[in-house]
Each structure stands twice: as C-alpha cells, then as structure tokens.
*Asks:* 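Structure below; questions to follow.
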Amino acid sequence: MNKKLNILFLSSWYPSRVFPTLGNFVQKHAEAVALQSNVIALYVCSDETNKETYELVTEEINNVLTINVYYKKINHSIPIVSHLQKVIRYIKAHRIGLEKVRQQFVTIDLIHHNKLYPAGIVAWYLKKTKHIPYIITEHWTGYLPSKKAHRSIVERVLSKIIAKNANCITPVSKNLGEAMQQLGLKNDYEVIYNVTDTQLFHPLETAKTHDKIKIIHISTLDNLHKNISGMLRVAKDLSEKRTDFEIWFIGDGDTTPHIETAKKLNIYNTVAFFDGTKTTSEVASIMRTSDCFILFSNYENLPCVIVEALASGITIVSSDVGGIPEHIKEQLGSLVKPGDEKALLQTLNKVIDKCKHGYYQKNVLSKYAQEHFSYKKVGEKYQDLYHRILNKNQPS
C-alpha cells in the first residue's frame with residue numbers, strides 16, 4: 001500500500017475570516033484529497049482589522065490543517081509605494097506560513113495550487129528552489145471569452161510562466177481549459193470537476209408536500225453576472241400563463257434592487273420570493289424540497305450550486321454557458337441561450353409540466369452527481385494524478 005502523500009494546498013482564493021465563502025470550492029477539493037492524503041491548506045490575505053503586521057491562525061477543518069496568514073492592509077494609495085509594500089507583505093506572509101508548514105511536514109510531496117495568479121508565484125518558486133512538483137487547478141471565469149476580465153501585462157507574463165512550469169493544469173471544465181489555452185497558458189490539461197458533499201446534498205426520501213412547483217435560484221444575486229432582472233421578467237410573463245409555480249431567489253447579495261423590480265412587475269411575494277444568506281446545510285434542505293434549479297447567467301464556468309442541485313435530485317434549467325453543457329443533458333435538465341428570455345419562458349413552461357408529471361427521476365439526477373462530483377470520486381482522480389506525476393519524476 002502506498003504511504004500517505006503530504007500535499008500542500010496553495011491558493012489565491014480560500015475561505016478566511018475576511019471572506020468566509022471565497023474559494024469554498026477550493027476548500028472542498030482539499031477535503032476530497034484529505035480522504036487519502038495528509039493535507040495542509042495555506043492561504044494569505046490582507047485584513048484591515050489586524051493590530052499586528054502579521055497574524056497566523058491555524059485550525060483543523062475536516063481533516064485539513066488550515067493555515068491562514070493575515071497581514072495588515074495597506075491603507076494609503078501612494079503610487080508604486082503602496083503596491084510595493086503590499087507585495088512585500090504578501091511574500092513575507094507566505095514565508096511565515098511556509099515555516100509553519102515545515103513544522104508539520106518533514107517533506108512536501110506535491111503542491112496543489114488553485115487559482116493560477118497571484119499565489120502561483122509561490123508554487124513556481126518552491127519548484128525552482130526546493131524541486132517540489134506542482135499542479136494548478138483553475139476555477140476563474142475571468143479566462144472565458146464571455147467575461148473578458150482585464151489582466152495587466154505583469155499578470156499575463158507571470159501567468160504564462162507559472163502555467164508552463166506546472167506539472168499539469170486541471171481546469172474544472174473542458175470549456176475553461178480551452179479558454180486558458182487560447183490565452184497562451186500552455187501545458188498538459190486534465191479536467192477534474194468541482195466537488196460536492198453527496199452525503200449532505202441528496203434527494204428527499206419522502207414526497208414533497210407543497211402544491212406549487214418550487215423553482216429556486218441561489219447565487220450572489222449580481223445582476224450583471226446572474227441576470228436576475230431577466231429571470232424576473234420571465235417569471236412575470238409565465239405568471240400570466242399559469243399560477244402553479246413560484247420562484248425563490250436566495251443569496252448573499254443585495255436584494256433591494258431586485259425586490260423593487262419584482263414590485264414593479266407586481267409579482268413580489270406572489271410569484272417571486274427573496275431570502276438572504278443561508279448556511280450550506282440550509283441550502284441542502286431548501287434544495288431537497290424544491291423541484292427545479294434555475295440559472296440564467298451571462299457567463300459561468302461550472303458553478304458548484306448546479307452540482308449540488310443535481311445531487312439533491314432536482315432538475316436544472318440553465319443558460320448554455322461555460323462548462324454547464326458538458327453535463328446538462330435531456331434527463332438532467334434544459335439549456336437556453338444566455339439572455340434569450342423568450343426561450344427561457346418556453347422552457348420553464350415545459351419543465352413545470354414535466355415536474356408535475358414526474359418526468360425527472362431524482363435517483364438518476366443524484367446518481368450522476370455521485371459518479372462525477374462526489375468527494376470520493378474527485379479525491380480518487382487527484383490521487384491518481386499525483387502518483388502519475390511523482391512516478392514520472394522518480395530518478396531512473
């Protein structure tokens with residue numbers, strides 16, 4: 001039997017006291033890997049509440065030793081000087097964190113880096129100086145042509161170097177990998193999906209009791225990205241055709257402008273309902289008592305919430321963007337072009353009928369999620385990749 005590997009997770013995004021949900025999908029990957037390996041997750045970020053210049057916090061979370069290093073935020077904006085100070089503190093904070101890692105791991109077998117820039121610089125440095133191989137898992141929608149995120153010249157140049165020196169790049173969708181390669185981020189690519197807790201997200205064992213078909217949307221409620229206003233207009237049009245459904249908008253964004261839109265459309269708290277931030281357990285409970293998950297985004301990668309909905313046994317109606325069409329086929333849901341409100345109206349009308357007649361089989365939806373996105377399956381894929389890389393690096 002192979003000994004447990006020592007894996008260091010580095011990331012440009014990770015949950016912290018500053019942003020508790022940022023990069024929670026990275027945390028889930030770390031937890032999946034921790035099923036078979038020893039895992040330490042190191043994350044560095046600024047915190048304006050810091051009294052000291054640096055603060056190190058360690059915590060064991062789901063078998064992952066999590067090391068957060070907070071540095072005091074630079075509060076002035078003097079050109080060049082402020083940026084240089086931030087870079088110095090960012091690097092020093094990583095050094096503090098890596099010293100703590102060394103106290104825990106005698107050796108690091110492999111670095112699993114997430115979100116290529118900027119923390120990938122640390123992975124690249126450790127490979128060059130300590131000869132530790134690293135892979136990059138990428139989640140960022142900013143590489144997608146539909147997003148066209150601005151990247152500075154420095155970021156573009158360093159990103160290519162970091163990507164080229166990785167032992168493998170594992171985007172969470174084929175679509176994202178293709179977009180990265182189009183931007184000159186060359187390397188071997190291997191798609192490994194986002195992960196979801198299929199023990200927590202699972203179908204309801206007994207039949208639901210509510211009369212109306214319950215459609216849910218869960219996100220940051222960012223209109224530019226998620227097109228909430230488009231869904232509300234469609235909900236208004238659909239309510240003029242039928243009254244046997246309701247749509248719930250749930251998330252940690254500002255609901256005020258969306259509620260105002262719903263009121264103007266005269267569907268607030270009759271067809272369209274709004275709720276705030278929910279814990280993961282609360283989201284799982286909501287999904288189990290729903291019939292359909294809706295996403296009408298202008299751009300996406302492969303959001304975890306879609307995977308969670310599938311695991312919960314509810315069908316998907318989504319815009320045909322990013323990595324979503326790689327999974328959502330006829331038995332699992334329906335796709336429409338982004339921004340096409342007429343198509344969304346027609347599709348929702350059909351899906352509600354299908355839901356009422358039991359067309360979607362909860363066990364089929366849930367089984368697909370278990371076979372592609374469970375902690376066990378994703379963890380096994382990473383273990384296989386790690387061993388292939390390490391065996392390849394063995395001296396002959």
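What you see is a predicted model; the values in this text were computed from it and never measured.
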*Asks:* If we ignore angles and hydrogens, is there a donor and acceptor under 3.5 Å between the side chains of Tyr386 and His112?
*Replies:* yes
*Asks:* Cation over ring, Lys127 on Tyr134, under 6.0 Å and within 45°?
*Replies:*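 Yes, a cation-pi geometry holds between Lys127 and Tyr134.
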*Asks:* May I ask you to check whether Lys392 and Asn167 show a side-chain donor-acceptor distance below 3.5 Å?
*Replies:*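 Checked: Lys392/Asn167 side chains show no N/O donor-acceptor pair below 3.5 Å.
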*Asks:* If the threshold is 4.0 Å, N to carboxylate O, is there a salt bridge linking Glu308 and Arg288?
*Replies:*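 Judged by the 4.0 Å cut-off on N to carboxylate O distance, Glu308 and Arg288 do not form a salt bridge.
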*Asks:* Determine, using the 4.5 Å side-chain heavy-atom cutoff (strictly less than), whether Phe19 and Leu56 are members of one ILVMFWY cluster.
*Replies:*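 Yes, Phe19 connects to Leu56 through the hydrophobic network.
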*Asks:* Any side-chain donor paired with an acceptor under 3.5 Å for Asn68 and Ser16?
*Replies:*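 Distance-only check fails for Asn68 and Ser16.
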*Asks:* Look at atom NZ of Lys354 and say whether more than 12 heavy atoms of other residues, nucleotides or ligands are closer to it than 6.0 Å.
*Replies:* yes
*Asks:* Are any of the side-chain nitrogens in Lys241 or Asp237 under 4.0 Å away from the carboxylate oxygens of its partner?
*Replies:*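 No.
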*Asks:* Would you call Glu341 and Arg233 a salt bridge, using N to O less than 4.0 angstrom?
*Replies:*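 Counted as a salt bridge, because a side-chain N and a carboxylate O are separated by less than 4.0 Å.
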*Asks:* Where do Ser12 and Ala119 come nearest, in terms of heavy atoms and distance?
*Replies:* OG-N, 3.0 Å
*Asks:* Looking only at the side chains, is there a donor atom on one of Trp140 and Glu138 sitting less than 3.5 Å from an acceptor on the other?
*Replies:*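 Per modelled atom types, Trp140 and Glu138 side chains form no pair under 3.5 Å.
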*Asks:* Show your reasoning for whether ring pair (Phe, Tyr, Trp, His ring centres under 6.0 Å) applies to His258 and Phe249.
*Replies:* CA-CA 9 Å; His258 308 312; Phe249 296 87; 7.7 Å; no
*Asks:* Before giving the answer on side-chain hydrogen bond (donor to acceptor under 3.5 Å, both in side chains), spell out for Thr137 and Thr170 the whole-Å C-alpha distance, their side-chain angles and the decisive distance to 0.1 Å.
*Replies:* CA-CA 5 Å; Thr137 293; Thr170 61; 2.7 Å; yes
*Asks:* I want to know whether Tyr193 and His327 have ring centres closer than 6.0 Å.
*Replies:*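 Ring centres of His327 and Tyr193 closer than 6.0 Å.
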*Asks:* Should the heavy atoms of other residues, nucleotides or ligands under 6.0 Å from CD of Glu371 be counted, would the total exceed 12?
*Replies:*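 Buried by this count: over 12 neighbours within 6.0 Å.
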*Asks:* Mind checking whether Leu22 and Tyr14 have side chains closer than 4.5 Å, heavy atoms only?
*Replies:* no
*Asks:* Salt bridge between Glu380 and Lys376, side-chain N to carboxylate O under 4.0 Å?
*Replies:* yes
*Asks:* Applying ring pair (Phe, Tyr, Trp, His ring centres under 6.0 Å), run through His94 and Tyr90 and close with a yes or a no.
*Replies:* CA-CA 6 Å; His94 271 100; Tyr90 187 74; 4.7 Å; yes
*Asks:* Considering only heavy atoms from C-beta outward, does the side chain of Val336 approach that of Phe296 to under 4.5 Å?
*Replies:*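 Side chain of Val336 against side chain of Phe296, heavy atoms only: contact under 4.5 Å found.
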*Asks:* Which value, rounded to the nearest 0.5 Å, describes the distance between Asp244 atom CG and Leu238 atom CG?
*Replies:* 8.0 Å
*Asks:* Taking the ring centre of each residue, are Phe274 and His217 less than 6.0 Å apart?
*Replies:* no
*Asks:* At what distance, to the nearest 0.5 angstrom, does NZ of Lys186 lie from CD1 of Ile169?
*Replies:*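 Spacing of NZ (Lys186) from CD1 (Ile169) equals 10.5 Å.
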*Asks:* Kindly check if the number of other-residue, nucleotide or ligand heavy atoms within 6.0 Å of NZ (Lys174) is above 12?
*Replies:* no
*Asks:* Should the heavy atoms of other residues, nucleotides or ligands under 6.0 Å from NZ of Lys367 be counted, would the total exceed 12?
*Replies:*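 No, not enclosed.
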*Asks:* Set out, in order, the CA-CA distance, both residues' side-chain angles and the distance that settles side-chain hydrogen bond (donor to acceptor under 3.5 Å, both in side chains) for Lys128 and Asn165, then state yes or no.
*Replies:* CA-CA 9 Å; Lys128 289 299 181 183; Asn165 284 275; 3.3 Å; yes
*Asks:* Before accepting this row, confirm whether a basic side-chain N of the pair Asp353/Arg242 lies closer than 4.0 Å to the acidic partner's carboxylate O.
*Replies:* yes
*Asks:* Just wondering, more than 12 heavy atoms not from Lys86 lying within 6.0 Å of its NZ?
*Replies:*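 Open: at most 12 neighbouring heavy atoms sit under 6.0 Å from NZ of Lys86.
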*Asks:* Under a 3.5 Å cutoff, is there a donor and acceptor pairing between the side chains of Glu31 and Tyr375?
*Replies:*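 The answer is yes; a qualifying pair exists.
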*Asks:* Roughly how far apart are Asn63 CG and Ser37 OG, rounded to 0.5 Å?
*Replies:* 11.5 Å
*Asks:* Could you report the tightest heavy-atom contact between Cys355 and Thr315, atom names first, then the distance?
*Replies:*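 Closest approach of Cys355 to Thr315: SG-CG2, 4.1 Å.
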*Asks:* Is any side-chain heavy atom of Val378 closer than 4.5 Å to a side-chain heavy atom of Ile192?
*Replies:*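 Result yes, sub-4.5 Å side-chain heavy-atom pair found.
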*Asks:* May I ask you to check whether Asp254 and Thr256 show a side-chain donor-acceptor distance below 3.5 Å?
*Replies:* yes
*Asks:* Is any side-chain heavy atom of Leu295 less than 4.5 Å from a side-chain heavy atom of Ile306?
*Replies:* yes
*Asks:* Take atom NZ of Lys381 as the centre, draw a 6.0 Å sphere, and report whether it contains more than 12 heavy atoms from other residues, nucleotides or ligands.
*Replies:* no
*Asks:* Less than 4.0 Å between a side-chain N and a carboxylate O, is that true for Lys356 and Asp211?
*Replies:*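 Lys356 and Asp211: not salt-bridged.
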*Asks:* Do the charged groups of Glu190 and Arg388 touch, with an N to O distance under 4.0 Å?
*Replies:*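 Salt bridge flag = yes for Arg388 with Glu190.
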*Asks:* More than 12 non-hydrogen atoms from neighbouring residues, nucleotides or ligands closer than 6.0 Å to CD on Glu326, yes or no?
*Replies:*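 Check passes, neighbour count above 12.
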*Asks:* Working to the nearest 0.5 Å, report the span between CD of Glu282 and CD1 of Ile250.
*Replies:* 10.0 Å
*Asks:* Could you pull out the closest heavy-atom pair between Gly323 and Ser173, with the gap in Å?
*Replies:*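 That would be CA-CB, 3.7 Å.
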*Asks:* Identify the two heavy atoms, one from Leu158 and one from Ile121, that lie closest to each other, and give their separation to 0.1 Å.
*Replies:*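 Taking Leu158 first and Ile121 second, the nearest heavy atoms are CD1-CD1, 3.9 Å.
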*Asks:* Around Tyr359, counting heavy atoms of other residues, nucleotides and ligands shown, do more than 12 lie under 6.0 Å from its OH?
*Replies:*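 More than 12 within 6.0 Å, yes.
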*Asks:* Can you tell me how far apart CD1 (Ile135) and CG (Asp188) are? Round to the nearest 0.5 Å.
*Replies:*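 Result: 12.5 Å between the selected atoms.
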*Asks:* Determine, using the 4.5 Å side-chain heavy-atom cutoff (strictly less than), whether Leu385 and Ile132 are members of one ILVMFWY cluster.
*Replies:* yes
*Asks:* Give the cluster check for Phe273 versus Ile247: same hydrophobic cluster or not, with ILVMFWY residues linked at side-chain heavy-atom distances below 4.5 Å.
*Replies:* yes
*Asks:* Considering all heavy atoms of both residues, which atom of Val44 and which atom of Ala93 are nearest to each other, and what is their separation?
*Replies:*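 Looks like CG1-CB, 3.5 Å.
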*Asks:* For the aromatic rings, using the six-membered ring if either is Trp, is the centroid distance between Tyr368 and His372 under 6.0 Å?
*Replies:*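 Yes, they do, as the ring centres are separated by less than 6.0 Å.
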*Asks:* Considering only heavy atoms from C-beta outward, does the side chain of Leu144 approach that of Leu176 to under 4.5 Å?
*Replies:* yes
*Asks:* What about Ile328 and Met231, same hydrophobic cluster or not, with Ile/Leu/Val/Met/Phe/Trp/Tyr joined at side-chain heavy-atom distances under 4.5 Å?
*Replies:* yes
*Asks:* Give me the one residue out of Leu310, Ile294, Leu332 that meets side chain to side chain contact (heavy atoms under 4.5 Å, CB included) with Ile316.
*Replies:*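 In the set Leu310, Ile294, Leu332, the residue that makes a side chain to side chain contact (heavy atoms under 4.5 Å, CB included) with Ile316 is Leu310.
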*Asks:* Is there a side-chain contact between Lys72 and Glu52 (heavy atoms, below 4.5 Å)?
*Replies:*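 With C-beta onward as the side chain, the pair stays apart.
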*Asks:* From Gln36 CD over to Asp384 CG, what is the distance, rounded to the nearest 0.5 angstrom?
*Replies:*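 One finds 10.0 Å between CD of Gln36 and CG of Asp384.
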*Asks:* Assess the side chains of Ser319 and Tyr299: does a donor N or O sit below 3.5 Å from an acceptor N or O?
*Replies:* no
*Asks:* For the residue pair Thr220 and Asp222, confirm or rule out a side-chain donor-acceptor distance under 3.5 Å.
*Replies:* no
*Asks:* Do we see a donor-acceptor contact under 3.5 Å between the side chains of Glu300 and Thr141?
*Replies:*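 Result is no, nothing qualifies.
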*Asks:* Restricting to non-hydrogen atoms, name the atom on Asn194 and the atom on Phe373 that form the minimum distance, rounded to 0.1 Å.
*Replies:*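 Looks like O-CD2, 3.4 Å.
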*Asks:* Flag yes if Ile74 and Tyr54 sit in one hydrophobic cluster, no otherwise; membership is Ile, Leu, Val, Met, Phe, Trp, Tyr, and two members link when side-chain heavy atoms are under 4.5 Å apart.
*Replies:* no
*Asks:* Side chains of Gln27 and Pro15: does their closest heavy-atom pair fall under 4.5 Å?
*Replies:*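 In short, these two side chains touch, coming nearer than 4.5 Å.
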*Asks:* What I'd like to find out is whether the side chain of Arg156 reaches to under 4.5 Å of the side chain of Ser159, using heavy atoms alone.
*Replies:*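 Arg156 vs Ser159: side chains apart.
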*Asks:* Please determine whether a side-chain nitrogen of the Lys or Arg among Glu55 and Arg17 lies less than 4.0 Å from a carboxylate oxygen of the Asp or Glu.
*Replies:* yes
